[in-house]
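Position 1 is the first residue of the sequence; numbering continues from there.
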Amino acid sequence: MQCDFIFRLKGILEFACQLDNSNGAQSQSTISKSFQDLRSKVSSKNIVFTVCNSPVLIWPNAGFQSSVESLTEASACGDILQCIESDDGGRKKSSKKKDKKKSGPTVVNMKLLFEVTEPAGDEAPSLIRVSTQQHCVKMPLPLDCTLSVTTDESLATVCTGLVEALNKQLADMEEVVLRYRKGSSFLVPQPFHFQLPKPAGLITVIYPAGVPDSQLQAVREDLHRKFKLPCDRPYLRRANAFHFPDAAYKDGYLRNPHIHLNPPNIEDAKLYLVQGVYSYHHYMQDHVDDNGWGCAYRSLQTIFSWFQQQGYVETAVPTHTQIQQALVDVGDKEPRFVSSRQWIGSIEVQAVLNQLLGVTSKIMFVSQGSELATKGRELANHFQTEGTPVMIGGGILAHTILGVVWSENTGQIRFLILDPHYTGGEDLQTITDKGWCGWKGPEFWDQNAYYNLCLPQRPKTI
């Protein structure tokens, strides 16, 4: 199904229950009863959806009432954009035509609220004396549901789907709470969204807070079987969580600038690209002046970020000093190398990836740059099977290769290059317009210089 909109509904519900410490079975029943009460609450007429940055309030379980007259249960969900304020204070205009430059579905953010009920009557409070020892448990449940729909889907269908998603998420949270409960100690269930290959699409998984991915492998194995996912690469680790198009990255690095480029038009050629997400690392970032010597370090950081953001590791991207220390630790460099401004090359990149990540790499040797034009098959195969960024070093320069366009019949080739020599700010337009991330022909390489290419290999793991 084509997805034009992602409706995202977030809210907090408070889970509370009184546990009898002396009766485990009864405590489990009490926990389930508390979750059932919450499911009844989200199915009640008091539930309200509010659309962020708009005056829209919707009562989905009360005959679909809306605070905006023009929005009825039969309205197309795309009509809701007319009510959402844009960044400049105006209104977003709804359009049935899809924007060709649009990189993904439109996200409509919503919040979960509840109407305050009418004041209680004059009934007197009742007192109950409990003789057994009990423990009161309270914790917030961070609800976060999504629904992917087409533009013409009715708002009534959307709201019904969101209520169903809320109920399912509460049921999944109950299962996690019961599974990881230790006496009266509970772990907060946290929702994560993952974009899986078709037909699964965008799904939500509940993981217990504080339990590392390394201890959730059995859970992921079950999910891989359920969704028929390959068992040789991560899809469902926390780092694989879907990044919503309207959300900014907190670390400030640009992700995947190449997706904003059009590939070269070469007859009978196919496109082979890096798979997944990476960060663009280049000169002068992180308050480090490495202009003139740090290009291979930056290429290594880009590769490292790929392994991090694909969920293979939880380790932070290493600094120049940490990279240098890793080379000292493996015996490749002398201790005085640390804090120096000495260059590194593809062989050192291979050693650091193995030392810090346990990742192996293949090395491709090219005696002169003119030979790179003949390496289309090898590079195409790499991006098709491994999908990792490739570091290429020659002479005093290093670059990152993110893909190729290659014709098996004619041998024509273009290289997608991410250039670590850029010294400016994180300006996507400048980076793409000026070719710091761009498609290059075989003439880009020094035709007489030797080159070594480091091709990192994916670990076989989930």
Where do Thr461 and Arg237 land on the side chain to side chain donor-acceptor pair (under 3.5 Å) test, with the steps shown first?
CA-CA 11 Å; Thr461 181; Arg237 297 191 183 194; 3.3 Å; yes
Can you see which heavy atom on Thr388 is nearest to which on Val274, and at what distance?
C-CG2, 4.2 Å
Decide side-chain contact (heavy atoms from CB on, under 4.5 Å) for Gln457 and His382; before the verdict, give the C-alpha distance in whole Å, the side-chain angles of both, and the deciding distance to 0.1 Å.
CA-CA 9 Å; Gln457 307 294 292; His382 170 81; 4.2 Å; yes
Are side-chain N/O atoms of Thr432 and His260 paired as donor and acceptor at under 3.5 Å?
no
Let's go through Leu143 and Leu170 carefully: what are the C-alpha distance in whole Å and the side-chain angles of both, what is the deciding distance for side-chain contact (heavy atoms from CB on, under 4.5 Å) to 0.1 Å, and is it a yes or a no?
CA-CA 8 Å; Leu143 297 175; Leu170 285 168; 3.9 Å; yes
For the residue pair His282 and Asp419, confirm or rule out a side-chain donor-acceptor distance under 3.5 Å.
no
Does some side-chain heavy atom of Leu300 sit less than 4.5 Å from a side-chain heavy atom of Ile323?
yes
How close do Leu162 and Phe7 get, heavy atom to heavy atom, and via which atoms?
CD2-O, 4.1 Å
Can Met391 and Leu453 be said to form a side-chain contact (heavy atoms from CB on, under 4.5 Å), step by step?
CA-CA 6 Å; Met391 183 271 184; Leu453 287 74; over 6 Å; no
With side chains defined as the heavy atoms from C-beta onward, is the minimum distance between Glu115 and Lys45 less than 4.5 Å?
no
Salt-bridge test for Glu175 and Arg179: reply yes if a basic N is under 4.0 Å from a carboxylate O, no otherwise.
yes
Other residues, nucleotides and ligands only: do more than 12 of their heavy atoms fall within 6.0 Å of NZ on Lys138?
no
Testing the 3.5 Å rule here: is there a donor-acceptor pair between the side chains of Thr157 and Ser154?
yes
Surrounding CG of Asn265 (heavy atoms of other residues, nucleotides or ligands, distance under 6.0 Å), is the total greater than 12?
no
Does Arg458 make a cation-pi contact with Tyr312 (under 6.0 Å, within 45 degrees of the axis)?
no
Taking the side chain from Asp144 and the backbone from Lys10, do they hold a donor-acceptor pair closer than 3.5 Å?
no
His399 vs His421 side-chain heavy atoms within contact, under 4.5 Å
yes
Can you tell me how far CD1 of Ile80 sits from OG1 of Thr151, rounded to the nearest 0.5 angstrom?
12.5 Å
If I compare all heavy atoms of Leu357 with all of Phe304, which pair ends up nearest, and what's the gap?
CD2-CZ, 3.3 Å
To the nearest 0.5 Å, what is the distance between NZ on Lys168 and CE on Met173?
11.0 Å
Would you give the length of the straight line joining atom CD1 of Ile206 to atom CZ of Phe192, rounded to the nearest 0.5 angstrom?
9.0 Å
Find out whether Pro257 and Leu418 are in side-chain contact, i.e. whether some heavy atom of one side chain is under 4.5 Å from a heavy atom of the other.
yes
Of Met110, Lys111, Gln169, the residue whose pairing with Leu9 passes side-chain contact (heavy atoms from CB on, under 4.5 Å)
Met110
Pair His243 + Tyr249: ring centers closer than 6.0 Å:
yes
Any non-hydrogen side-chain atom of Cys17 less than 4.5 Å from a side-chain atom of Ile31?
yes
Note: Leu155 and Ala76 closest approach over all heavy atoms is CG-O, 4.3 Å
Contact between Phe5 and Val107 at the side-chain level, heavy atoms closer than 4.5 Å - yes or no?
no
Give me the atom names and distance for the closest heavy-atom approach of Ile58 to Cys159.
CG2-SG, 3.8 Å
Can a side-chain donor-acceptor contact be found between Asp251 and Ser279 if the only test is distance below 3.5 angstrom?
no
Would a line drawn from the ring center of Phe415 to the ring center of Phe444 be shorter than 6.0 Å?
no
Residues Tyr278, His258; criterion side chain to side chain donor-acceptor pair (under 3.5 Å); working and verdict
CA-CA 10 Å; Tyr278 62 88; His258 74 275; 2.8 Å; yes
Under 4.0 Å between a side-chain nitrogen and a carboxylate oxygen: does that hold for Asp222 and Lys226?
no
Would you say Thr400 and His281 are linked by a side-chain donor-acceptor pair, where the criterion is simply a distance under 3.5 Å?
no
Do Arg39 and Glu174 sit within salt-bridge range, that is, some charged N less than 4.0 Å from a carboxylate O?
yes
A quick test of your reading: do over 12 heavy atoms of other residues, nucleotides or ligands sit less than 6.0 Å from CD of Glu14?
yes
Taking the side chain as C-beta and beyond, is there a heavy-atom pair between Phe15 and Ser34 under 4.5 Å?
yes
Is any side-chain heavy atom of Tyr235 less than 4.5 Å from a side-chain heavy atom of Phe194?
no
Should the pair Arg298-Asp286 be classified as a salt bridge under the 4.0 Å nitrogen-to-oxygen rule?
yes
If only side-chain N and O atoms count, and only distance matters, is there a donor-acceptor pair under 3.5 Å linking Arg414 with Ser407?
no
Enter the distance from Arg233:CZ to Asn240:CG here, rounded to the nearest 0.5 Å.
11.5 Å
Verdict with reasoning, Asp79 to Leu71, per side-chain contact (heavy atoms from CB on, under 4.5 Å)
CA-CA 8 Å; Asp79 294 341; Leu71 295 178; 4.2 Å; yes
What closest approach, in Å, do Thr150 and Asp4 show between heavy atoms, and which atom pair accounts for it?
CA-OD2, 3.6 Å
Is the distance between the ring centroids of Phe242 and Phe244 less than 6.0 Å?
yes
So is Lys41 actually on top of Phe114's ring, under 6.0 Å and inside 45° of the axis?
yes
